[in-house]
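Scroll down for the structure; my scribbles are underneath it.
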Amino acid sequence: MCQEGGKCARKMRPVTAGYLLAELIPAVTLSSAVYSLRSIGERPILKAPDPKRQKCDHWTSCPPNSYAYRLLSGGGRDKYAKICFEDELLMGRKAGNVARGINIAIINYVTGKLTATQHFDMYEGDGSGPMTEFIQRATPKSLLFMATQDDGGSRLQAKAKDAIEALGSKEIRSLRFRSSWVFVGSIGFELPPGIQREKINHSDGSKNRYSGWPAEVQIEGCIPRELS
């Protein structure tokens, strides 16, 4: 509206409560308030610590004064057998000493030290005889860990089965072509009852995990050390 003399009065915008609040409160304060309201309903995220790795990849640690072991048979063409003792890979692909047949590692039970490793082909040649001699050369107070890779049964002879059975095996006489098998034996002392000592899985065309091979088998556990 213009008054006499040419001067015009400025038209005033009506003031609403919302407009007044927006003018009085800075934008930064409004943003902080909205963030605070959103945070009220959020629960804090608590991240559990990563589990501590145990020897030979056990889920839980072995009791004090005991040995940890884990045996895994081969499976198919590309799954290699593994023998782990006290977190050391005694035999396996990374160790470069595992092959087709029966793989054996011998441990001095008193000291926990590796004595010998060897693999014996049971598909071609005469691996059964040398394997029998290898087992028989093991000294008293020895642990013997065995795991098959591919085929451990085709050329396994009776004397070799007798030698392994004497170590405590219950399944060696049922070992067949491409059976997956792992076993823990002992010479000169008895292993405690209840520990995992042996497992076998036979090849079956209708059940095999791999083409022509059964699934691998595994055992693990803790063996009490000899008290000196």
Check this for me, if you would: do [X] and [Y] make a salt bridge, where the nitrogen-to-carboxylate-oxygen distance has to be below 4.0 angstrom?
{"X": "R155", "Y": "D126", "result": "no"}
{"X": "R173", "Y": "D162", "result": "yes"}
{"X": "R100", "Y": "D121", "result": "yes"}
{"X": "E216", "Y": "R209", "result": "yes"}

Is there a donor-acceptor contact under 3.5 Å from the side chain of [X] to the main chain of [Y]?
{"X": "T111", "Y": "K113", "answer": "yes"}
{"X": "D151", "Y": "R178", "answer": "yes"}
{"X": "N201", "Y": "A215", "answer": "yes"}

- Full working for salt bridge (Lys or Arg N to Asp or Glu O under 4.0 Å) between K170 and E198: CA-CA 8 Å; K170 306 296 184 184; E198 189 171 26; over 6 Å; no
- Query: Does some side-chain heavy atom of K199 sit less than 4.5 Å from a side-chain heavy atom of W181?
  - Reply: no
- How close do I83 and N103 get, heavy atom to heavy atom, and via which atoms? CD1-O, 3.9 Å
- Task: Run through V217, I172, T148, L175 and flag the one making a side chain to side chain contact (heavy atoms under 4.5 Å, CB included) with I200.
- Result: L175
- Item | Partner set under ring-ring contact (aromatic ring centres under 6.0 Å, His included) for F85, not counting sequence neighbours | Y67, F145
- Give a yes-or-no answer on whether the side chains of T60 and Q54 include a donor-acceptor pair shorter than 3.5 Å. no
- Query: Any side-chain donor paired with an acceptor under 3.5 Å for N208 and S203?
  - Reply: yes
- Message: If you count heavy atoms of other groups shown closer than 6.0 angstrom to OH of Y123, is the number above 12?
- Response: no
- Task: Using the test salt bridge (charged side-chain N to carboxylate O under 4.0 Å, His left out), find all partners of R77 that sit at least two apart in sequence or belong to another chain.
- Result: none
